[in-house]
Every structure is written in structure tokens, then in C-alpha cells.
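To start, the structure itself, in C-alpha cells.
When a residue number appears, it is its place in the shown sequence, counting from 1. Hydrogens, waters and symmetry mates play no part in the numbers below; they use all other heavy atoms, side chains included. Remember, predicted model here, so these are calculated numbers, not experimental data.
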Amino acid sequence: MKRGILSTLFALFVVSSLLITSCAPGASQPTPVIIVVTPTPAPTRAQVAAAPAEEQAVTVVPTPTLAGQNAPPPPATATSAPSPAPSPTPAVGGERTVHVTALAYRKTSEGRAAGSAHTITVRIRRKQDPGLRVGIFNSEVEGTGPMWRASAWSAVTLSSLLLGVNPEHFEFSYDAGGGRIDGPSAGGLTTVATLAALLGDSVRDDAAMTGTINPDGTIGPVGGIPHKLEGAAKAGKKLVLIPSGQRYDYDENLKRQVDLVEVGKKLGIEVRQVKDIFEAYEILTGKPLPRPALGGTVEMPPRAFDKLRASTIAWLARYNEARNRFNSLSDEAKQDREPTYGDQQAKLAEQALQQGMAAVAQQRAWEAAWDAEASLQAATLDEVYAQKGFDGLIDQLKAVASSRQDFMAVLQSLKAERPRSACETIALMDAWSNLAIAFGYNAQADDLVNRAVQLRQKQDQNVTEDQLLDLLYEASDDYVSAKIYLDTARDSLDWGMGFGDAPAPDDHRVQVMAELLRWAADANRALFDSIVLGPQAKRAGVSLEAEQSWFMNVDESYGTALLSRFGIDALSDEVWEEPARSMMTLGASLTSWADMAMLIAKYYSLGAQVDKEGNVLRITGERALVDMLDLSEERSAELIRLAGKEDPVPPMYYSEVARIWRQGDPEDQLLALDYQWQAAVEASMLAYFTGYYGQAVKDSLERSGRPVELLQLWDLPAK
């Protein structure tokens with residue numbers, strides 16, 4: 001569980017970018033940016049370095065809110081042409097190289113959009129020393145930016161999960177060649193190239209591809225495809241793969257939607273839509289990407305239903321207690337503070353429980369309790385302020401704040417947990433993620449209270465009493481959120497533990513994946529800041545830090561992602577021993593990675609239009625959202641079935657709630673997408689930890705007569 005109603009946030013700590021560009025002016029050879037990560041205790045705050053701002057020489061992203069564009073008509077099925085058989089990937093001394101063609105577009109000096117094609121080289125080399133190693137190569141100063149690096153890290157992460165391999169056994173390098181290129185639209189292609197290098201396959205040289213990569217392996221929409229097709233034609237390409245559901249795209253020169261299949265025909269290019277990495281891989285390499293053969297369905301175990309039912313009743317009890325206390329307040333205090341959202345969610349929780357939807361019931365009861373407690377605290381502050389003034393508010397806030405002892409009790413409880421099974425490892429990851437978020441909320445609230453006290457003591461004439469009160473009421477909301485997430489950390493263990501038979505993964509495997517997800521989360525955060533917040537800050541004439549602070553207040557997912565990542569560094573002094581440190585890092589990073597991926601989809605791929613409060617007014621890519629929801633639900637169900645015999649309760653929880661969120665408005669549907677991705681990644685991680693995914697890949701390769709020894713799999717379970 002990750003979120004409920006929108007809460008006010010301000011930036012307490014902005015996660016520093018850990019991806020630092022290093023290049024020598026005038027260098028004739030590609031300059032590598034090699035990131036070496038050895039599983040050691042997490043860096044302290046002082047060790048985290050901020051990356052310099054980078055000029056985006058090639059614009060490959062549309063404006064996040066694409067006003068004035070008409071929704072495209074339904075896509076037709078693209079024709080299919082025979083694919084030439086790619087030649088085997090050259091391998092020398094354990095090194096494999098794959099060349100692929102990425103597409104981009106930019107604005108010319110005349111203001112017209114123009115496409116271009118760029119050769120990307122992916123090399124993978126076997127190595128024996130421990131630690132992750134990923135290199136980003138540039139031929140020019142600022143040749144690539146954070147968006148390109150995020151594609152590389154996502155490619156390493158997904159390739160490891162999709163093949164069940166140990167990523168620290170390889171050195172990954174990504175060379176964008178000459179020129180300057182950046183953008184998330186190469187994410188799908190980069191992942192195909194990485195998988196091909198690991199499997200010893202080649203990508204056909206007459207093809208190109210554009211599309212983001214999502215945490216579940218699906219391909220996300222991108223912008224500027226009409227112009228990218230022109231770039232592909234100039235480079236002599238005969239086939240271009242585009243995201244499914246995006247047959248029609250906006251031509252910036254013609255100022256209208258165009259049929260990409262027809263545009264491709266005029267240019268001598270076949271345009272084909274692909275929905276996920278499996279479809280793209282087979283088209284581009286001529287070989288199927290190993291995929292588990294699955295069947296049947298997986299249902300929530302009866303014991304899990306009973307545990308979630310008990311959790312639902314407990315959260316509803318908290319709602320009722322807060323509601324009754326609220327009702328006892330004066331009419332003046334209750335005015336405009338009614339927890340109407342909580343009342344609605346409490347009723348829906350009871351209905352869901354009667355229908356056997358335990359996960360949905362628990363989620364709604366959780367939100368009911370949160371809203372009722374937030375309303376109670378706000379109304380209580382109204383009464384206290386009317387009777388005792390500003391000083392009385394400070395005392396009241398100190399009384400409701402969680403103590404350090406409260407946090408240490410939960411922290412010590414999580415540290416003492418030693419998961420018995422792989423499934424319990426996933427539940428413990430969730431608990432650590434919730435604790436990290438709780439810590440961030442509490443620290444934020446402390447900061448707001450201290451700021452209000454200091455401003456009042458200074459008696460600054462430019463600061464009004466109302467502004468000081470705003471800070472204190474915001475702190476009250478954050479203290480409530482901290483308590484909710486702190487208790488959610490305990491709750492995650494109550495209903496998530498006790499399932500699965502496969503042994504828990506060894507500590508080293510958790511360490512490797514924790515570091516990989518931590519870097520992937522940081523890369524996604526840098527990507528989002530670059531394509532959304534950076535341009536917004538420039539238009540508003542403010543710093544990126546100021547824009548980040550404002551945006552945490554506008555979009556809760558952004559705040560949750562940053563708080564998850566913040567918790568890793570903030571708690572590193574308390575959680576330094578293994579396996580607790582890696583378990584915390586893995587859980588918090590997974591949440592941050594999935595949340596940031598959803599934000600990239602929301603503002604980049606789907607072109608969400610929002611008001612100043614962050615409410616979604618319209619989704620420009622409405623058809624794309626429907627397709628992404630379909631595919632995410634299909635993919636999470638597939639992965640849950642793969643890990644089905646382990647009773648994957650946490651992934652099933654997220655997936656069940658997502659199916660209900662999908663029936664709501666666009667805001668709820670985006671939340672459903674986020675939940676399905678969380679379900680898919682957790683189920684994939686479970687299959688990865690148990691070795692089921694690696695075994696399925698091995699079996700698939702053997703059935704097709706392909707050599708298994710190309711891969712260095714984790715230890716596989718006994719059959």
C-alpha cells in the first residue's frame with residue numbers, strides 16, 4: 001500500500017542525481033561514464049552528489065500538456081512484411097555487441113520539426129569481480145542526458161528480471177555514437193538491444209524503433225513519430241516499430257493528426273505497432289524472447305482473505321473512533337471540515353468486504369481512516385487556536401506527532417524480521433517502503449513547525465499570521481500521514497507474512513537487486529525532472545528546486561517517490577547492517593521506480609492536462625491509456641500466475657485494487673496503472689528470487705534448441 005488522499009507536501013530533501021556526466025572537451029574518442037556499484041552500505045547524505053544541469057540540444061519530447069489536439073481515430077491493423085534473418089551477434093572474449101537505430105526529432109532554426117536516426121551500440125562483457133557496472137559513453141560533451149541514461153538503467157533492470165540473470169556478472173556499456181541525443185523514447189529499443197546481447201542475438205539492421213519502456217515490459221507512447229519516420233527514411237530503414245495504439249500522431253509541421261502507416265508508405269517504410277518487449281524482440285531479432293508458458297488462475301488464499309478482513313475491520317475502527325471524536329467537537333470547529341471522502345470510503349469498504357474483495361475493502365478502510373483522522377486534527381486545531389492561540393497550536397501538534405520511540409519500535413521490529421520464504425521477502429520490502437515514507441512525512445512536519453516558530457520569533461512584517469497557520473495545518477496533515485504509514489508498515493507484516501514455501505533469497509541476491517533498483521529509481525527521477533519539471537521551471541522563471549518543491553504539493557505520486565527514496569539515505573545511519581539495509585533499499589527503490597514510471601507515462605506518454613491543484617482535466621492519449629491499462633493488467637496476471645504456487649499475496653493485493661481503480665475517472669485510472677506496475681514488478685521479483693523465472697527461461701531456450709550457456713543464471717530451483 002502506498003497512497004491515499006492527496007496530502008500537502010513541501011520539499012524537505014530533493015534526491016540528488018547519482019548519474020554524473022564526465023567528458024573531456026575536444027576528445028576524439030567516446031568518453032565513458034562508468035557507474036560501478038558494489039553492494040556496500042548505502043551512502044550517507046553527504047556522499048550523494050548532485051549532477052549539473054544539462055542543455056538539451058535535441059528535443060525529443062512533446063509539451064506535457066498537448067492542448068488543442070484532437071483524439072485520433074481508432075487504429076487499424078498494420079500490414080506485416082517478412083523479416084530478414086539477423087546474423088548472429090559477434091562475440092569476442094566473452095563480449096557481445098549489438099547495434100540498433102534510435103529515432104529522434106528536433107526543432108530547426110526555422111521552427112520546423114525534423115527527424116534523425118542515431119546508431120546505438122550496446123556491449124556486454126562477462127566479468128568476475130563483484131558489483132554492478134554500467135557505462136554510458138559520449139562522443140561529445142553533453143552528448144547524452146538523464147533521459148538517455150534512464151533508458152540504460154531500465155534496460156539493465158528489466159533484462160535481468162526478464163531473463164533471471166545476475167547483472168553483476170556482466171559489464172554493460174551504452175554508446176550513443178556521434179552527435180547529441182536524449183529522450184525516453186529509446187527505452188524499448190535499448191532494452192531489446194540489451195536482451196539481444198545477453199542472448200547472443202542480433203537486431204535487423206534495416207529496422208528502427210521508438211517507444212518508452214514501462215516497469216512491466218510494455219511499450220509506452222512517445223511524441224514526434226511523423227518526423228522520426230522521416231529520419232528513418234533518410235537513414236535507409238525499411239521498418240519502424242511504434243507503440244501499440246499510436247497509429248495516429250500529431251505532425252507539428254502540418255498541425256494535425258496523421259496516419260503513421262500511410263506516412264510510412266509514402267516514405268517506403270513499413271510501420272508496425274508493438275505492445276510489449278516480447279513482440280518487439282521477435283520482430284527485430286527473428287527469434288522469440290524466452291517467456292514462461294502459463295495457464296490457470298490464481299486466487300487470494302483464504303488465510304490472506306481472513307488477514308485482510310481483520311485489517312479492514314481495524315482500519316474501520318480507527319475511522320469510527322476519529323469520526324465520533326469529530327462529531328463531539330463544536331459546530332464552529334466542524335464547519336467545512338467534514339470527512340465526506342472518508343465517509344464514502346468507509347461505506348464502500350463494507351460493500352467490498354461483503355462481495356469478497358478483501359484487498360479493495362482494506363484499501364478503502366485505510367483511506368477512510370486517513371481522511372477522518374486528518375479532518376479531526378484540522379478541526380481540533382481550529383478549536384485550540386480559538387481558545388489558546390498560536391502557542392496552543394504548537395503544543396497540540398507536539399501532542400499528535402509520532403515520537404522517535406514510535407519509529408524506533410517499528411524499525412527494530414522490521415530489522416528483527418528474517419523472512420522465511422521469498423514471498424515473505426516481498427512483504428517485508430513493502431513494510432520497509434512504508435516506514436521510509438512515514439519517516440519522510442514526520443521529518444517534513446517537524447520542519448514545517450520549526451519554520452513557523454522561527455518566522456514568528458523573527459516578527460517579520462512580510463509574514464502574516466495566516467501564512468504561519470498554513471504551515472502548522474500542513475504540518476498537522478503530515479503528522480497524520482506519518483502515523484498512517486507507520487501503522488501501515490506494521491500492517492504489511494500482519495497480512496503479508498506467512499505465505500510461500502520457496503526459501504528466501506540469499507542476502508547477496510537481495511543486495512544486488514537493491515542497488516540496481518536504487519540506481520534505476522534515481523535515473524527515472526532525473527528523467528522526469530528533465531522532461532517535465534525542468535521545462536516548467538524555465539517557463540515559470542524559477543529554479544528546478546523551487547519547481548520540485550511546488551510539484552510535491554501538486555502531485556502526490558511525486559512526493560511519495562521522493563519520500564521513498566529519501567528514506568534510504570535518512571535511515572542509513574540506523575539501518576546499516578545486512579540484510580535489513582538491502583531490504584529497505586529494495587522496497588523503497590521499487591516504490592520510487594514504479595511511481596516515477598507512472599509520472600513519466602502521465603505527463604509525457606499520455607499528455608495529461610492538469611489544473612493548478614494537480615487535478616487531471618483530460619488525458620490527451622486516451623486510447624493509449626486504455627491500451628496501457630489492458631496490457632498492464634494482462635502482464636501482472638501473467639507474472640502472478642508464474643509465482644502462483646508461492647501465494648504471492650502482495651502482488652495480488654495491488655492487482656485487485658487496481659482493477660477497481662480502473663473503473664473510476666482518469667485520475668483513478670492512472671493510479672490503477674501504477675498499482676498494476678507495482679503488482680507486476682513485485683511478482684516478477686518473487687519469480688526472480690525463487691528462480692522460477694530463470695528456470696522458465698532455461699526451459700524455453702532448451703525447447704527451441706538455443707544454447708543456455710550464453711546466460712549466467714542465478715542458481716535454479718530443483719525440479
Side-chain angles (χ1 to χ4, degrees), residues 1-7 297-324 339-376 423 426-427 430-431 433-434 437 480-481 483-499 556 560 629 633 636-637 640 647-665 667-676 678-679 682-683:
M1 186 183 308
K2 300 182 293 180
R3 63 174 58 75
I5 59 174
L6 181 65
S7 298
T297 60
V298 179
E299 295 183 355
M300 187 78 74
R303 281 195 306 120
F305 179 89
D306 292 340
K307 288 185 174 187
L308 285 169
R309 183 177 182 276
S311 176
T312 300
I313 294 172
W315 285 109
L316 285 176
R318 283 184 63 163
Y319 156 78
N320 286 320
E321 180 186 1
R323 196 46 163 113
N324 291 333
T340 53
Y341 179 79
D343 295 341
Q344 178 190 36
Q345 292 305 306
K347 292 179 181 178
L348 292 174
E350 293 174 350
Q351 293 175 10
L353 206 55
Q354 294 171 1
Q355 297 175 45
M357 297 186 297
V360 175
Q362 195 262 8
Q363 170 77 21
R364 288 170 170 170
W366 180 75
E367 297 200 17
W370 190 346
D371 189 45
E373 292 188 5
S375 297
L376 171 64
C423 192
I426 303 300
D430 261 359
S433 177
N434 288 315
I437 297 172
V480 171
S481 300
K483 280 183 175 291
I484 291 291
Y485 273 104
L486 190 61
D487 290 337
T488 302
R490 296 188 184 99
D491 200 34
S492 298
L493 295 184
D494 289 341
W495 59 260
M497 302 291 277
F499 298 97
E556 185 190 357
T560 303
L629 285 166
E633 188 171 329
S636 67
I640 288 172
D647 290 334
V649 174
M652 284 191 286
Y653 173 94
Y654 286 114
S655 183
E656 180 178 305
V657 174
R659 289 195 295 272
I660 299 301
W661 279 119
R662 180 174 182 174
Q663 300 173 20
D665 58 23
E667 193 83 59
D668 292 339
Q669 292 170 355
L670 289 166
L671 192 56
L673 189 65
D674 192 5
Y675 269 52
Q676 288 291 11
Q678 184 85 10
E682 287 195 355

- [ ] Could you grab the distance from atom OG of S311 to atom CH2 of W366, nearest 0.5 Å is fine?
- [x] 11.0 Å
- [ ] Kindly indicate whether the side chain of K307, heavy atoms from C-beta on, has any atom under 4.5 Å from the side chain of V649.
- [x] no
Task: Atom pair CG (D430) and OG (S492), whose distance is rounded to the nearest 0.5 Å - done: 5.5 Å
Open item on the list: Suppose we screen for side chain to side chain donor-acceptor pair (under 3.5 Å). Which residues come up paired with D343, at least two apart in sequence or across chains?
Closed with: Y319, R323
Open item on the list: Please find the pair of heavy atoms, one from I660 and one from V360, that lie closest to each other, and give the distance.
Closed with: CG1-CG2, 3.3 Å
- [ ] Just jot down the side chain to side chain donor-acceptor pair (under 3.5 Å) partners of Q345, sequence neighbours excluded, or say none.
- [x] none
TODO: Sorted by first residue and then second, give each side-chain hydrogen bond (donor to acceptor under 3.5 Å, both in side chains) pair with at least one member in residues 655-664; sequence neighbours left out.
DONE: D630-R662, E633-R662, S655-R659, S655-Q676
TODO: Report the distance from atom CD of Q362 to atom CD of E367, rounding to the nearest 0.5 Å.
DONE: 10.0 Å
Open item on the list: Can you list everything that forms a side chain to side chain contact (heavy atoms under 4.5 Å, CB included) with F305? Sequence neighbours excluded, please.
Closed with: R309, A358
Open item on the list: Can you list everything that forms a side chain to side chain donor-acceptor pair (under 3.5 Å) with D487? Sequence neighbours excluded, please.
Closed with: R318, R490
Open item on the list: Working to the nearest 0.5 angstrom, can you tell me the gap between L308 CG and I313 CD1?
Closed with: 11.5 Å
Task: Closest approach of R364 to L348 (non-hydrogen atoms, all atoms of both residues) - done: NH1-O, 3.3 Å
Open item on the list: Give me the atom names and distance for the closest heavy-atom approach of R303 to G498.
Closed with: NH2-O, 2.7 Å
Open item on the list: Just verifying a value: how many Å separate W315 CH2 and Q363 CD, rounded to the nearest 0.5 Å?
Closed with: 10.5 Å
Task: Residues in side chain to side chain contact (heavy atoms under 4.5 Å, CB included) contact with E321, at least two apart in sequence or another chain - done: R325
- [ ] Search all heavy atoms of I484 against all heavy atoms of A369 and return the closest pair with its distance.
- [x] CD1-C, 4.5 Å
Open item on the list: Just to verify, what does E350 make a salt bridge (charged side-chain N to carboxylate O under 4.0 Å, His left out) with, not counting sequence neighbours?
Closed with: none
Task: With N320 via side chain to side chain contact (heavy atoms under 4.5 Å, CB included) - residues at least two apart - done: none
Task: Between Q678 and E682: side-chain donor-acceptor atoms closer than 3.5 Å - done: yes
Task: Closest non-hydrogen atom pair, P301 against F499 - done: CB-CE2, 4.2 Å
Task: Residues that A361 engages under side chain to side chain contact (heavy atoms under 4.5 Å, CB included), provided they are two or more places apart - done: T312, A352, L353
Task: Shortest non-hydrogen separation from C423 to P650 and the atoms involved - done: SG-CD, 4.2 Å
- [ ] To the nearest 0.5 angstrom, please state how far the CD1 atom of I426 sits from the CE atom of M497.
- [x] 11.5 Å
